[in-house]
2 protein chains.
Amino acid sequence: MLKLTKKVDYALLALNLMARNEEGGISNVRDIAALYSIPPEILAKVMQKLSKSGLIQSHNAPKGGYSLKVPAEEISVLKVLVAVEGPVGIVSCSDGTDRTCQQRDQCDIRSPLERLQNNILWFLEALSIRELGQEPAVLKGVTDGSSLFGQPLHHKG
Amino acid sequence: MLKLTKKVDYALLALNLMARNEEGGISNVRDIAALYSIPPEILAKVMQKLSKSGLIQSHNAPKGGYSLKVPAEEISVLKVLVAVEGPVGIVSCSDGTDRTCQQRDQCDIRSPLERLQNNILWFLEALSIRELGQEPAVLKGVTDGSSLFGQPLHHKG
DNA sequence: GTAATGACAGACCAAAATGGTCTGCGATAA
DNA sequence: TTATCGCAGACCATTTTGGTCTGTCATTAC
Ligand code: SF4
Ligand code: SF4
């Protein structure tokens, strides 16, 4: 729950790579998949979605592949997320998938939750794939999160 | 993806109700379930988890039920989330569920993603169930997102 | 012209997560 | 002593997810 899917993970890895290869450079699915040990077929699907949503440009030919269609700075994590998985909503009532929530009539927490959601979306929008490949210091926002809430937030190494 | 589960939704509804009934008040599963049209059995399970994690107090007896164990202000959405669904992580590598990520060796986006995750967790921690039932204006934290970045976030000092 | 490359498309499947049900036991106050 | 209400866990159906397989279309290097 609250987890990014593997497909999004793949998309971010690929886009980060392409961002480093700089605009104009062309990468093909097979190479990227091999580099990151991603199943080629599934990465292909992901790339197609990114292409359809206009984030990357396809070159359908031998020696072809994909290249960034817009500058890396303008490709936010949120855009990638939406491109690959569709509309995002932390509560089902807010992204159109579940307009038949049984609790809706009595629900008195919808408004604050939507606000929370907007904040989260804002974070996702504020992080671009350009920043993905850069050092932590460059990132805007907060904290190193060490021992934030008693959970295993990360394992260095 | 990135969606709260129904169980969490149920937990938040119940806790919000109990918060309004004020500390000390006792609510039982059957009543809450009826009020919100929640399957009683599943709400029961949810409440048990909340109880085990110390957020609410159970009164096992006729006329019994549950009451808040700590002030509503101190029950964050994140705590509820962890109580009901376990550790939270937006990337599988960061919550212990997937320590065998095939991409890990070549992964160059882990650090920024963990940072993003910490920001999100921070928001979840900053929102208490007390605020859930209140008007938007009362919400702490940044609400319109206009000045979200470029400054350290300080909520709930 | 044609063959090799690489994108495009979609059916298909297995595993996991999720949402929900059922059954029985244990505590306690009326 | 019994009705109420929490405790516990097995169990199941549906959905989501991750992944596979099969084949077609566009381009260009040769
Ligand atoms: S319970 Fe409220 S917040 Fe949750 S999905 Fe239903 S309407 Fe939305
Ligand atoms: S690809 Fe990187 S960020 Fe994603 S799960 Fe694996 S290690 Fe974590």
Side-chain angles (χ1 to χ4, degrees), chain A residues 1-11 13-14 18 26-34 36-53 56-67 69 81 84-89 91-92 95 97-98 100-103, chain B residues 1-11 13-14 18 26-34 36-53 56-67 69 81 84-89 91-92 95 97-98 100-103:
Chain A
M1 183 212 38
L2 265 188
K3 193 169 298 184
L4 299 178
T5 64
K6 221 65 176 118
K7 286 180 191 173
V8 170
D9 225 0
Y10 295 158
L13 284 169
M18 295 170 73
I26 292 185
S27 320
N28 70 62
V29 166
R30 198 165 43 92
D31 290 350
I32 304 178
Y36 289 114
S37 310
I38 301 173
E41 302 94 337
I42 202 171
L43 178 62
K45 284 195 179 313
V46 169
M47 298 298 274
Q48 284 164 33
K49 288 193 176 177
L50 293 176
S51 173
K52 270 204 233 178
S53 60
I56 62 180
Q57 173 75 268
S58 81
H59 305 275
N60 192 353
K63 297 268 178 185
Y66 293 97
S67 59
K69 198 171 184 179
L81 226 140
V84 174
E85 300 287 354
V88 186
V91 279
S92 41
D95 69 344
T97 58
D98 182 14
T100 65
C101 170
Q102 293 292 110
Q103 288 73 45
Chain B
M1 183 212 37
L2 263 189
K3 193 169 296 185
L4 266 44
T5 65
K6 221 67 175 111
K7 286 181 190 173
V8 170
D9 225 359
Y10 295 158
L13 284 169
M18 296 172 71
I26 292 186
S27 319
N28 70 62
V29 166
R30 198 165 42 93
D31 290 350
I32 304 179
Y36 289 114
S37 310
I38 301 172
E41 302 93 339
I42 201 170
L43 179 62
K45 283 194 181 312
V46 169
M47 298 298 273
Q48 283 163 34
K49 287 192 178 180
L50 293 176
S51 174
K52 269 202 235 178
S53 60
I56 61 180
Q57 174 74 268
S58 83
H59 306 272
N60 192 354
K63 297 267 178 186
Y66 293 96
S67 59
K69 197 170 185 179
L81 227 139
V84 175
E85 300 287 353
V88 186
V91 279
S92 42
D95 70 344
T97 58
D98 182 14
T100 65
C101 171
Q102 293 293 109
Q103 288 73 45

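Quick note on labels: first sequence line is chain A, next is B, and so on, each numbered from 1.
- A donor N or O paired with an acceptor N or O is found under 3.5 Å between the base of C/dG26 and the side-chain atoms of B/Asn60.
- For the pair A/Ile32/A/Met47, a side-chain contact is recorded, criterion being any heavy-atom separation below 4.5 Å from C-beta on.
- In terms of modelled atom types and a separation under 3.5 Å, the side chain of B/Ser53 and the main chain of B/Lys49 share a donor-acceptor contact.
- Put simply, CE on B/Met47 is 13 Å from P on D/dC5, counting in whole angstrom units.
- Note: CD (A/Gln57) to P (C/dA7) measures 13 Å, nearest angstrom.
- Distance, B/Lys3 NZ to C/dT18 C1': 12 Å, rounded to whole Å.
- The side chain of A/Ile42 sits closest to D/dG18 out of C/dC8, D/dG18, D/dT27.
- Across the protein-nucleic acid pair, B/Lys7 atom NZ and C/dA17 atom P stand 12 Å apart, rounded to whole Å.
- A/Lys49 comes within 4.0 angstrom of nothing in the nucleic acid, heavy atoms only.
- The interatomic distance linking A/Asp31 (CG) with C/dG6 (P) rounds to 7 Å, in whole Å.
- At a cut-off of 3.5 Å, with distance as the only test, a side-chain donor of A/Gln103 or B/Lys6 sits close to an acceptor on the other residue.
- For C/dG6, one of the phosphate oxygens OP1 or OP2 lies less than 4.0 angstrom from a side-chain nitrogen or oxygen of A/Arg30.
- Here the C1' atom of nucleotide C/dA27 and the CD atom of B/Gln48 are 13 Å apart, to the nearest Å.
- Residue-to-nucleotide proximity on DNA chain C shows that, of A/Glu41 and B/Pro62, the 5′-proximal contact is made by A/Glu41.
- An OP1 or OP2 oxygen of D/dC7 is reached within less than 4.0 angstrom by a side-chain nitrogen or oxygen of B/Ser58.
- Taking atom NZ of residue B/Lys63 and atom C1' of nucleotide C/dT28, one finds them 14 Å apart after rounding to whole Å.
- Closest to the side chain of A/Ala61, out of D/dG6, D/dT27, C/dA9, is D/dT27.
- Comparing D/dT17, D/dC7, C/dG6 by their closest approach to the side chain of A/Asn28 singles out C/dG6.
- Each of A/Met1 and A/Lys45 was matched to the nucleotide of DNA chain C holding its nearest heavy atom; the match closer to the 5' end belongs to A/Lys45.
- Of the candidates D/dA8, C/dT21, D/dG19, the closest approach to any side-chain atom of A/Tyr10 belongs to D/dG19.
- When all heavy atoms of A/Ala33 and A/Pro40 are compared, the closest pair comes out as CB-CA, 3.8 Å.
- Remark: A/Thr5 is in phosphate contact with D/dG18, judged by side-chain N or O atoms under 4.0 Å from OP1 or OP2.
- Atom pair B/Leu4:CG and C/dG19:C1' shows a separation of 15 Å (rounding to whole Å applied).
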Would A/Leu4 and A/Asp9 satisfy side-chain contact (heavy atoms from CB on, under 4.5 Å), going step by step from the backbone distance to the final call? CA-CA 7 Å; A/Leu4 299 178; A/Asp9 225 0; 5.7 Å; no

